[in-house]
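These notes are about the structure you will find just below.
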Amino acid sequence: MQAIELFHKQFKKIFLPCRSMNWFSNSKKSDPAGDELLLKQYLKTGDLAVLGKLFQQHASMVYYVCNRYLQDSEKSKDAVMQIFEELIVKVGKQEIRQFASWLYVLSRNYCLMQLRSGKKMQYVPFEEFVEFPDMEHQVDHEGKEKQLTTLEKCLEKLPEGQKQSIRLFFLDEKCYKDIVDCTGFTLNDVKSYIQNGKRNLKICMDKNREK
Amino acid sequence: MKNNQPDISLIRKYLNGELDAAAMYKLERQAENDPLLMDVIRGMENGQKQEDESRLLEIDQLINRRVQERKVQKMTPWKLWAAAASLILISAVTGILVYNKPSGKMHTADLAKSDNNIPAPVVGEQNAKVESGIQYESVPLVSADTATVVRAKAPVSGRVAAVKKPHLNLNDSASIAAISSAQKDKASQIEYDPLKQVPVSIGYGMSRNGNIANARMMKTNEDTVRNALAGRVAGTTTELNEVAVVMASSAKIGSGEPVIGWDKYKRYLEQNSVTNSSWAGTVVLAFRVDDSGRPVQIRIVRGLNDAANQKAEELLIGGSKWSKTEKEVTLKIKFRSSFVLP
């Protein structure tokens, strides 16, 4: 029984998002309902000022996303304006349920296209933004115990940096800075280890499930 | 900018190391599961606070300007209606002008208009007509956009004056038929002279007594042609013979002509178009001129019989070279029989 609880704890920590910490829910001014209202108003009236107002509320997010990929503030500024132009064209053609997420995808795709056209792909690390399924309800008790063993095995198989970082971050709940202090890795190393370790862990788990 | 400001400031604090370990972990843990947040954090890491803030200010201004641009450009509904009405009006006027525009491909298109008093020649369309005792039949020569011969068959003693109804149909097919009077022993034919852009009346007609010398060829000026078209050729006892005006709409001055000149060429045809057989008639050929000036791609547009068709082709091939032209040339050869008519 304890093993199952431990599995739950570990599995949730590694693979499931921390639901209590929704970025937008923490935001005082973030208002998906307000976004929806403005969006409907724009679609009804076609008044660009309304769309401009909606976009301005997310312009910083778009700018920083662009800066993350393009790594140049001037280019990022231009990209934001181009994304606004794309928004004008696309906003009426697609069904948008959550504007912020939709705009993020639009922005990221625009930046990736820019990078692709500039052949700068090799300089940008890409993460796989994988949606992990909620496996909690998919396995029975026996299966859970088996998976816990597999998880432990997979964790052991990870390279040392990844294994250490994953354990410290997910199981010991240490922040990056503390991991840096504990291990002597650089901050960027820690981030990479966690990202890559998480991905490798998932691949390993999937392989074992297929077996 | 306004919506996510608290989070931006939280991230800024995180990047500045102003958060405690628990808060840092909280944010990092959230970012691990939220690619958007991770990207924003990394984007902020890449930049510098002052620079980013000034860029964001610029972006705000640019968006405001962009929105205003669209407002200025936006047309009020009544303006839209006015613009639409103007477009429709312009289209309608253009349509009327185009529709009423005379088909001016042929320079002779205004022949009938030039003199309303002149009874215009009859132009047949596709079907034969009987009008004032004269039967007209149209025979497509080549294709609709090149030429059409309209032949008018008159009673033996019919007068040209019988043709009274001015009915001239000049369309893009550039077909025109003219009825002219001619001597009993001559058949006249009017053809288009691309050299001078005037119709040329050529006679390959057979003399009643078989005297080839009576066959004549004459060039006419426009007035003559008008007269001919109007059936005003002098002679009260003349009978109506076959007369056709062949107009190739694509004909150009100096193009598609025999290098020896029309006069000599017609004489050549005259001399060689007499047959020993009992048959007589017209063969219409169409051909193109190759780089060396030889007629190629010869086809029979209107044949008479195998012998006549072959003879016509031989005459064409054995004749003069032609001046280079991109257009298809149409040639009409009228054969006369050497048999004396009873």
Side-chain angles (χ1 to χ4, degrees), chain A residues 13 16-18 21-24 26-31 34-35 47-49 51-53 55-74 76-77 80-81 84-85 88 100-101 104-105 107-108 127 129 132 169-170 173-178 191 194-195 198, chain B residues 1-12 14-15 17 19-48 50-74:
Chain A
K13 277 185 176 179
L16 300 180
C18 188
M21 293 183 289
N22 189 309
W23 193 51
F24 289 105
N26 279 352
S27 170
K28 284 175 188 172
K29 289 186 183 177
S30 175
D31 183 10
D35 287 351
D47 185 359
L48 203 60
L51 191 67
K53 190 180 170 188
F55 185 74
Q56 277 174 325
Q57 290 177 352
H58 298 276
S60 57
M61 180 269 285
V62 176
Y63 171 78
Y64 287 123
V65 168
C66 291
N67 205 31
R68 180 254 187 276
Y69 289 102
L70 304 177
Q71 298 177 5
D72 183 284
S73 63
E74 184 65 32
S76 299
K77 185 191 81 177
V80 172
M81 292 314 295
F84 182 58
E85 295 298 331
I88 295 168
S101 304
Y104 163 67
V105 173
S107 310
R108 196 186 61 178
E127 294 89 1
F129 303 110
F132 298 112
F169 187 77
F170 288 107
E173 299 187 350
K174 299 277 185 194
C175 67
Y176 295 157
K177 190 172 173 293
D178 288 349
K191 287 176 185 175
I194 291 170
Q195 282 280 331
K198 209 168 88 167
Chain B
M1 187 169 176
K2 291 114 191 176
N3 260 5
N4 301 326
Q5 195 64 38
D7 300 282
I8 298 294
S9 64
L10 184 72
I11 295 166
R12 186 68 66 194
Y14 165 78
L15 293 173
L19 296 180
D20 59 21
M24 282 168 80
Y25 177 75
K26 203 176 167 183
L27 191 65
E28 287 163 358
R29 182 79 174 82
Q30 189 184 353
E32 283 298 327
N33 291 305
D34 186 349
L36 189 160
L37 180 57
M38 183 63 90
D39 278 349
V40 171
I41 292 171
R42 291 200 175 178
M44 288 177 75
E45 273 178 337
N46 286 340
Q48 290 182 343
Q50 298 295 327
E51 194 182 10
D52 290 343
E53 281 177 356
S54 70
R55 295 287 184 215
L56 286 168
L57 214 66
E58 281 177 53
I59 288 168
D60 252 6
Q61 289 167 353
L62 286 169
I63 291 170
N64 285 333
R65 207 177 301 161
R66 175 70 182 83
V67 169
Q68 289 302 316
E69 271 175 27
R70 181 59 77 92
K71 271 189 177 174
V72 171
Q73 286 172 0
K74 198 175 178 183

Which portion of Gln48(B) sits near chain A, non-hydrogen atoms under 4.5 angstrom: neither
Residue list, side-chain hydrogen bond (donor to acceptor under 3.5 Å, both in side chains) with Asp72(A), at least two apart or on another chain: none
Which atoms of Glu58(B) are under 4.5 Å from chain A, going by heavy atoms: the side chain, the backbone, both sets, or neither? side chain
Rounded to the nearest 0.5 angstrom, the CG-CE distance for Asn33(B) and Met38(B) is 9.0 Å
Determine the minimum heavy-atom distance between Ala100(A) and Leu36(B), stating which atoms define it. O-CD1, 4.2 Å
For the candidates Leu62(B), Asn64(B), Asp52(B), which exhibits the highest count of non-hydrogen atom pairs separated by less than 4.5 Å from chain A? Asp52(B)
Relative to chain B, which segment of Lys174(A) carries a heavy atom at a distance below 4.5 Å: side chain, backbone, both, or neither? backbone
Between Tyr176(A) and Tyr14(B), what is the ring plane arrangement, given parallel below 30°, perpendicular above 60°, and tilted in between? perpendicular
Residue, of Leu51(A), Val62(A), Val80(A), that accumulates the most heavy atom pairs under 4.5 Å with chain B: Val80(A)
I'd like to know if the side chain of Asn46(B) pairs up with that of Tyr64(A) as donor and acceptor (distance under 3.5 Å, no hydrogens or angles considered). no
